[in-house]
Amino acid sequence: MKELPKIYEPQKVESEIYARWEASGFFQPEAGQHLADNPDTRETYCNILPPPNANGELHIGHASGYTVMDIFGRYNRMNGKKTLLLPGKDHAGIQTQVVFEKKLQTELGITRQELGRQEFYKKTYAFCLDRANYMRSQEKKIGISADWSREKFTLDPDVLSSALQTFVKMHEDGLIYKGKRIINWCPRCGTALSDVEVLHKDTPGKLYLIKYPLENSDSTQGGLKEFITVATTRPETMLGDTAIAVSPKDERFKTLVGKNAILPLQNTIIPIIADHRIDLAFGTGAVKITPAHDPLDWEIGRDHNLAEIQIIDEKALITEFGGKYAGMTTHEAREAVVKDLEKLNLLEKIEDLAHSVSICERCKTTIEPLTSKQWFIDVQTLKQKAITAIENGEIEIFPNNFKKILIDWFGNMRDWCISRQIWWGPQFPVWYRPKADQPRAGCTDDDMEMYVGLTPPEGAGWVQDENTFDTWFTSGQWVHTTLQAHGDDFKTFYPTDMMITGRDLLFFWASKMIMMSLYATGKVPFKNLFFTGLVLDKEGHKFSKSRGNGIDPLTMIDKFGADALRMSLIMDSAPGQDSRLYEEKIETFRNFANKLWNISRYCLTQEGFELVEEISNEDLKTESDSWIIRKLDENIFEINKLFERKQIAVAADILKTFTWNDFADWYLEINKIEKNQKVLGYVLDKLLRLWHPFMPFITEQIWTLAQQEKMLMISSWPKTLIWNENNEVNPNKENSQWNEVTIRGYNVIESNLKPMITALRNIRAENKIESNKKIRIVINGNINAVQEIEKTNQAEIIMSLRTGVEFISYNQPEAGLKNMLKRTVGTYTLLVDLTGAIDTEKETAKAEKEIANLENFIAGLSGRLSNQEFVSKAPTQVINQQKETLTKKQAELAELKKHLASLT
RNA sequence: GGAUGUGUAGCUCAGCUUGGUUAGAGCAUUUGCCUGACAAGCAAAAGGUCAGAGGUUCAAAUCCUCUCACAUCCACCA
């Protein structure tokens, strides 16, 4: 037997273990046929891993997600399923472009424009591959059992062509259109953004009240308004106003609707219109309409046939239509416009107003709404199909309440703008050339021939559309495109079983995957959709670079081990629920790993110890053997149930309690007195298997030290001996035998031995009996029961188990016992000889407190049992159980009262 | 404005789907221990009207309604 160090040192073994797993080939689903009786009909389990953005490194959120994915993956693999966890990386269009541009700027001092589009694309590609390599090494450190031979990148030609085919098909089906609409424009990134890529930030601002003179108004006469006052937060946009709108219900302006006003500064005539979308309670009730630069104005403009005048360009500068303000930034223009209005005495007042400003999700620049020609997906039918699939339960969502959120969101989803004007990303598979009779230069779209297809059409002069795809267009197809790229994988694994992603990607990604895969394949991409919460710091803040509160997963792995990090990420958290992470928390799981290590260290150093796969009734020699086997069985049963419900945190929690509080604290200690290597070997064998999905490294290491030939990662998941899936003892004979054999020992340990020992320890501690002082005890009870203690070797355990008992006598008449402390334990009375060391006052107080406690409890219980309604309506099982408890507690109470009397 | 989540021990959180044991864990605290694997440990203890109010029920931390507090998301913001 190899010498085991006192402390488990993950740093020394983890990378070697991972290398062994990888070399074994068992990360690949094709391997491991031996796990099933019939390899050809093996059930499958597939989880396409969410591809992290290939532009940086892993953060703690990735580590958290990967841990959950790997736990389910390993669990299913051990359950004999043909298991595939397919890894990959995302090119992450805008985000990567922003990151890489910054890098270019700081390292080389150049812009992407200076580099040129082609060169920029090439360099970014290389950058992504480099980052992907680094990130892959990080992912391995977390222990993820993914099939690296199938790893994919969203821009891999095979994956990409599947995704682009979907575009072509959608175009043929009329689900894609190119149109001039108002979109979110990021002036820094130089691209359109979809609604979800825009953040809203509450900012203090100003509301400007501007007077627009009425056309032909008579300024000298009363009765008629001379001006109409509008309210705006963006005065500079008035340069592009083409109307003023009021609510049709607004009595104040009724007479003005249909008349015209004069747009100050531009001196153009604009109509006053009525529209139901105007809130008469806000501002002055009259709104200036700038169709080219505001989403609502755009809609109103479209419905009233208003002209769109673009006065802000794609660099957020005022255009030639802005007259003398042309060339200014929007900020400069605002100041100038306000100053000029003041001079004209047209600025009524400026009020403070809190409102939210739209900013670019990636670079935080203020968004300019612009009208622009972009590609859109018509989502009407797609989203309906997604909603139907979710409602029909084709996708089960964890936690369940996210189902409603997702359905509601789909309901309000607007057409999806999929074109971006960035350079990093796949270009549209669309080609143009001027119609034959058109001059080459100065063509508009209408003068062009357009062709949609994966490869350029025959003939000369075709130029590819310069737009690139929204990242979510390709990543939204990740599930089916990755599988389609490899042999029969699509046929074998689709629809996949599981998708695990952060709840922050609900709208961005989860929704797109469901729509896109449903369209492309006719089936849902996954049967289960599991959301993890966000990982927060100790104060409940998000981790962020600016806050500097990040916890680097690699540093933590280095310090505490991958298993400890994994445990700390999944414990104490429910699906979709945020959780907090901090070093002390990881440390407690490092400590637990060490506990498991030392448990194994004890077992492995026992004479003739080995891991035992199967056990029979005859191997149970003592009550404690029966107890631990039954307890283990209960735990396996519960854990299986919890895995089905995706409650892995609870599963790990009860397993931890069993491992530490039952197996280590009690069984191992008893085992030192009553050796039974077979049971020891059986329980440790099961523990290692059960812990493997959660803590793969340490369990595999111990497994190896126990000289197992096969690897733990492909060993089979433990089965219960006693219970069936209905939480009943299986009627089959073997199971009921196990039930009979174990139940007595279970009761003996749980209700007699453990409480008796605890009571003794308690008495010693409370009475401050020195640790080396031996005590004598008397155990009273009915004759049979007392004989039982002797027969089942409990006496020896009591005397040996750090209770300092040197002599036990049985059934002594209490009258003759002076100075004895008394405790009622189960059906026994325990008397402890303290030879005058009793602190009577303290003991009296304790007894009184305990009596009060018991009386209270008994009152409640007997009240319930004498309640006719309870007796007639509650299930008999519950009634019997409570009757039993009542009898027990009444006996205890009587004993306690006697004890109290003897004290005073 | 709409939605969702959270509120349980000093702190961080499980448990609630499916109501039934005197409500659990870790950290922190008090006390005693280097006891045969583990001081990253062992043992004993203290600490909670399960946010508040009402309801359903024989029975509520758990189901329903309302209120309060906090958080997040979505929409609007002229």
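Proteins get letters first, then strands, A, B, ... in listed order; numbering begins at 1 in each. Computed from a predicted model, the values in this text were never measured in an experiment. In what follows, every heavy atom counts, from backbone to side chain, and hydrogens, waters and symmetry copies are set aside.
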Does [X] reach a base, just sugar-phosphate, or nothing at all? Heavy atoms under 4.0 Å.
{"X": "I599(A)", "result": "base"}
{"X": "A593(A)", "result": "nothing"}
{"X": "I278(A)", "result": "base"}
{"X": "Q647(A)", "result": "sugar-phosphate"}
{"X": "F507(A)", "result": "sugar-phosphate"}
{"X": "K889(A)", "result": "base"}

**OP:** Mark up nucleotides 58-72 of chain B, 5' to 3', with B wherever a protein heavy atom is under 4.0 angstrom from a base atom, S wherever such an atom reaches only the sugar-phosphate, and - elsewhere.
**Re:** B-------------S
Side-chain N,O ([X]) to OP1/OP2 ([N]) below 4.0 Å:
{"X": "R590(A)", "N": "rA40(B)", "result": "no"}
{"X": "K595(A)", "N": "rC42(B)", "result": "yes"}
{"X": "W660(A)", "N": "rC38(B)", "result": "no"}
{"X": "K585(A)", "N": "rC11(B)", "result": "no"}
{"X": "N412(A)", "N": "rA75(B)", "result": "no"}
{"X": "T885(A)", "N": "rU22(B)", "result": "no"}
{"X": "N591(A)", "N": "rG41(B)", "result": "yes"}
{"X": "H200(A)", "N": "rA75(B)", "result": "yes"}

Original post:
Among side-chain atoms of R864(A) and N867(A), is any donor-acceptor pair under 3.5 angstrom?
Top reply: no
Between [X] and [Y], is there a donor-acceptor pair closer than 3.5 Å when you use the side chain of the first and the backbone of the second?
{"X": "R802(A)", "Y": "E669(A)", "answer": "no"}
{"X": "Q11(A)", "Y": "D558(A)", "answer": "yes"}
{"X": "R590(A)", "Y": "G561(A)", "answer": "no"}
{"X": "T803(A)", "Y": "I798(A)", "answer": "yes"}
{"X": "D563(A)", "Y": "I698(A)", "answer": "yes"}

Is [X] salt-bridged to [Y], cutoff N-O under 4.0 Å?
{"X": "K288(A)", "Y": "D297(A)", "answer": "no"}
{"X": "K559(A)", "Y": "E583(A)", "answer": "yes"}
{"X": "R234(A)", "Y": "E368(A)", "answer": "yes"}

Counting side-chain heavy atoms from C-beta on, which of [options] comes nearest to [X]?
{"X": "T758(A)", "options": "rA45(B), rC38(B), rG5(B)", "answer": "rA45(B)"}
{"X": "R761(A)", "options": "rA44(B), rA37(B), rA14(B)", "answer": "rA44(B)"}
{"X": "K768(A)", "options": "rA44(B), rA3(B), rU31(B)", "answer": "rU31(B)"}
{"X": "V650(A)", "options": "rG5(B), rA14(B), rU22(B)", "answer": "rA14(B)"}

Could you measure between the two [atom1] atoms, the one in [N] and the one in [M], and give it in whole Å?
{"N": "rG26(B)", "M": "rG41(B)", "atom1": "P", "result": "11 Å"}
{"N": "rC42(B)", "M": "rC64(B)", "atom1": "P", "result": "41 Å"}
{"N": "rC50(B)", "M": "rG19(B)", "atom1": "C1'", "result": "15 Å"}
{"N": "rG10(B)", "M": "rU30(B)", "atom1": "C1'", "result": "14 Å"}
{"N": "rG48(B)", "M": "rA43(B)", "atom1": "C1'", "result": "24 Å"}
{"N": "rC76(B)", "M": "rG24(B)", "atom1": "P", "result": "49 Å"}
{"N": "rA53(B)", "M": "rU62(B)", "atom1": "P", "result": "12 Å"}
{"N": "rC74(B)", "M": "rA59(B)", "atom1": "P", "result": "44 Å"}

Subject >> Under-3.5 Å donor-acceptor pair between R802(A) side chain and rU35(B) base >> reply: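 Result: at least one qualifying N/O pair found.
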**OP:** Examine the base of rA28(B) for any acceptor or donor lying under 3.5 Å from a partner atom in the side chain of E584(A), and report the outcome as yes or no.
**Re:**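 Check fails, no donor-acceptor contact within cut-off.
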Subject >> Dot-bracket encoding of pairs in RNA chain B, which uses [ ] for pseudoknotted crossings and | for another strand, Watson-Crick or G-U under 3.5 angstrom >> reply: (((((((..((((......[...)))).(((((.......))))).....(((((..]....))))))))))))....
**OP:** For R645(A) and for V196(A), find the nucleotide of RNA chain B with the closest heavy atom, then tell me which residue's nucleotide is more 5'.
**Re:**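 Looking at the nearest nucleotide for each, R645(A) comes out on the 5' side.
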Subject >> 5'-most by nearest nucleotide on RNA chain B - A664(A) or N594(A) >> reply: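 First, find each residue's nearest nucleotide; the 5'-ward one identifies A664(A).
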**OP:** Mark yes or no: K672(A) above the aromatic ring of Y602(A), with NZ or CZ under 6.0 Å from the six-membered ring centre and no more than 45 degrees from the axis.
**Re:** yes
Original post:
Under a 4.5 Å cut-off applied to non-hydrogen side-chain atoms, are I390(A) and I397(A) in contact?
Top reply: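 Touching, per the 4.5 Å side-chain cut-off.
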**OP:** Using a cut-off of 6.0 Å, state whether more than 12 heavy atoms not belonging to R414(A) lie near its atom CZ.
**Re:** no
